[in-house]
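The analysis underlying the following values was restricted to heavy atoms, covering all of them including side chains, and did not include hydrogens, waters or symmetry mates. To find a chain, count down the sequence lines: A is the first, B the second, and so on, and within it residues start at 1.
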2 protein chains.
Amino acid sequence: MEWSIQEIARVSGTTSRTLRHYDDIGLLPPTRIGSNGYRYYDEHALTRLQRILLLRELGLGLPAIAEVVDGHQANADALTNHLRWLRQEKERLDRQIRSVETTILKMEGGEQLMAEEMFDGFDHTQYREEVEERWGKEAYAAGDRWYRSLSAEQKNRFRQDQLDIQRDYAAALEAGKPADGDEVQAITQRHFDWISVGWRGTHPNAQQFVGLGEMYVADDRFGANYGGIEGARFVRDAMAAYAERKL
Amino acid sequence: MEWSIQEIARVSGTTSRTLRHYDDIGLLPPTRIGSNGYRYYDEHALTRLQRILLLRELGLGLPAIAEVVDGHQANADALTNHLRWLRQEKERLDRQIRSVETTILKMEGGEQLMAEEMFDGFDHTQYREEVEERWGKEAYAAGDRWYRSLSAEQKNRFRQDQLDIQRDYAAALEAGKPADGDEVQAITQRHFDWISVGWRGTHPNAQQFVGLGEMYVADDRFGANYGGIEGARFVRDAMAAYAERKL
DNA sequence: CTTGACCTTGACGCAGCGTCAACGTCTAGC
DNA sequence: GCTAGACGTTGACGCTGCGTCAAGGTCAAG
């Protein structure tokens, strides 16, 4: 009893293309090949195919399946390994889902993706264009709403904190302290906390924090606040060191 | 202020290859291209890159990211869609994990992947070779253990059920009943249940059930039990009809 | 002038087939 | 005996997002 490629495909619920593929990779060679080149399969091939399809439904890769059906690996071992990998994938997905959810929440809550870090305590409206380009229009509007929602006292507090940080950075640079030394890193810790206030609820990750430091260097409007290009580079280095150690 | 491709790659935590790729697909063209062909990026490009990388960390595809950063789609919309897809993927993974878990359990419990269906109530040792080829050595051993673990009464019950099913199929065929008619399908329901007993706890899925029917036709040792090739084809058709409607 | 770091443009590889394309073969009906 | 139509064959590209050579220019420092 033997069947053509289409017949086998039908009864096994797959396609002839798949069977040809399995032949190509040596996973399931046809039982016989006619003089016309046609592939023919018998019951042995059919049962082998069914084992293959079963394992594939469980998500195993074709090389792994080959190991199993060729008897080089026990079913249980292969499946256990596979299960480990599936669980890892699930973990990854879960983390990503949580990230996306909190990101959406932040946007809906008006916090808007790292917009606030741009409001370095100054008249933030002057950065409107740049913020919009950088983070989108909603970002600017949301950040603006947030900043405006602060009481005068809160605003002053926020600005004063930042001025203190700037001043301490400047002093440290003046005094020749290393950017990655403990003293400067203590300032950077406050800097990080200060930024986190603007992010209400979360913190920047390492990459974001480092990127922000780069922007201080890249944009002299920010650089000016940290003592020009020199100061900006110093602060950037301090931030990078902080990110590397703590983030 | 502009940077070379490597510099941008370093501060953004990605690779130059990725940046070239983003250039190739038009997602992030360099700000300037030197006469030597070198790519140079400025702050605008850097901030755009950071938006891109942030979205990519959330798992969005590059085309979707392009939609967002080019302002053709709102952040929230894109992320909400993405979240839906992530949840679906998680569902899929969960189902697959459960499948693999139960499969492993079945194997450990000695039930062993559809081995029992081969023991069509007869002296199953005569099928040893075939079962081993079909489902692996453990499958035979496990099925054997299972069958042997039954009490004499249970064995008789099991065999008697099957004989009844065979007899009823034969009578229906004799009477010219259609394989997909209600009467025959009622027999097939019992047939399905009978097989499920051997599977203790789960049932064959549509593909497996249909495949089993095909084997009755393919292998005359089984076919004989259902009234030769005629009977086997009839049973196979009934099983296929059942699978299509109920599985 | 050399060395080494950095830049460029191809192009293959991966997983698992879907999907043409271009072209033989088989079967049934006229 | 011919023809239509179903089915078979072997390529080969496409998809996702780059990693990874390969072969060869460019640039800054010694």
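- Distances shorter than 4.0 Å separate none of the side-chain N or O atoms of B/Ser16 from OP1 or OP2 on C/dC6.
- Heavy atoms of B/Tyr40 sit nowhere under 4.0 angstrom from any nucleic acid atom.
- One interatomic measurement links the two molecules: OH of A/Tyr38 to C1' of C/dG24, which rounds to 7 Å at whole-angstrom precision.
- We find that CG of B/Leu19 is positioned 10 Å from P of D/dG19, with the value rounded to whole Å.
- Rounded to the nearest 0.5 angstrom, B/Asp24 CG and B/His21 NE2 are separated by 7.5 Å.
- Residue B/Asp23 is the one, among B/Asp23 and A/Ser35, whose nearest nucleotide of DNA chain C lies closer to the 5' end (criterion: closest heavy atom).
- Residue B/Thr18 places none of its side-chain N or O atoms closer than 4.0 Å to OP1 or OP2 of D/dG17.
- Atoms CZ and CD1, from A/Arg17 and A/Ile5 in turn, are 10.0 Å apart once rounded to the nearest 0.5 Å.
- A sub-4.0 Å separation between OP1 or OP2 of D/dT20 and a side-chain N or O of B/Arg20 is absent.
- Contact between the side-chain N/O atoms of A/Gln6 and the OP1/OP2 oxygens of D/dA6 is not found at any separation under 4.0 Å.
- The shortest distance between side-chain heavy atoms of B/Thr31 and B/His44 does not fall below 4.5 Å.
- If you measure from atom CD1 of A/Ile33 to atom P of C/dT25, you get 15 Å, rounded to the nearest angstrom.
- Distance NE2 (A/His21) to C1' (D/dT10): 16 Å, rounded to an integer number of Å.
- Spacing between atom CD of B/Glu7 and atom P of C/dA5 amounts to 16 Å, rounded to whole angstrom units.
- Under 4.0 angstrom from either OP1 or OP2 of C/dG18 there lies at least one side-chain N or O belonging to A/Thr15.
- Interatomic distance, B/Phe192 CZ to B/Lys246 NZ, rounded to the nearest 0.5 Å: 10.0 Å.
- When each of A/Asp24 and B/Gly61 is assigned the nucleotide of DNA chain D bearing its nearest heavy atom, the one mapping closer to the 5' terminus is A/Asp24.
- Applying the 4.0 Å criterion to OP1 and OP2 of C/dC17, one finds that A/Tyr22 has a side-chain N or O inside that range.
- Rounded to an integer number of Å, the gap from B/Ile8 CD1 to C/dC6 P is 15 Å.
- Contacts of A/Ile25 with the nucleic acid, taken as non-hydrogen atoms under 4.0 Å apart, are absent.
- Among the atoms of the strands shown, none is found under 4.0 Å from any heavy atom of B/Pro30.
- For B/Arg39 against C/dT8, a side-chain-to-base donor-acceptor contact under 3.5 Å is absent.
- To the nearest 0.5 Å, atoms CG (A/Leu83) and OG1 (B/Thr103) are separated by 10.0 Å.
- Using a 4.0 Å heavy-atom criterion, one finds that B/Leu62 contacts the sugar-phosphate atoms exclusively.
- Checking the phosphate oxygens (OP1, OP2) of D/dG25, no side-chain nitrogen or oxygen of B/Asn36 falls inside 4.0 Å.
- In this entry the distance linking CZ of B/Arg17 with C1' of C/dC12 reads 11 Å, nearest Å.
- For the pair A/Leu55 CG and C/dG16 C1', the interatomic distance rounds to 16 Å; values are reported in whole Å.
- Across all strands shown, B/Gly34 has no heavy atoms under 4.0 Å from either base or sugar-phosphate atoms.
- Proximity of A/Leu46 to A/Trp3: side-chain heavy atoms (C-beta onward) are separated by under 4.5 Å at one or more points.
- Out of C/dC17, C/dG16, D/dC18, the shortest distance to the side chain of A/Arg56 is found at C/dC17.
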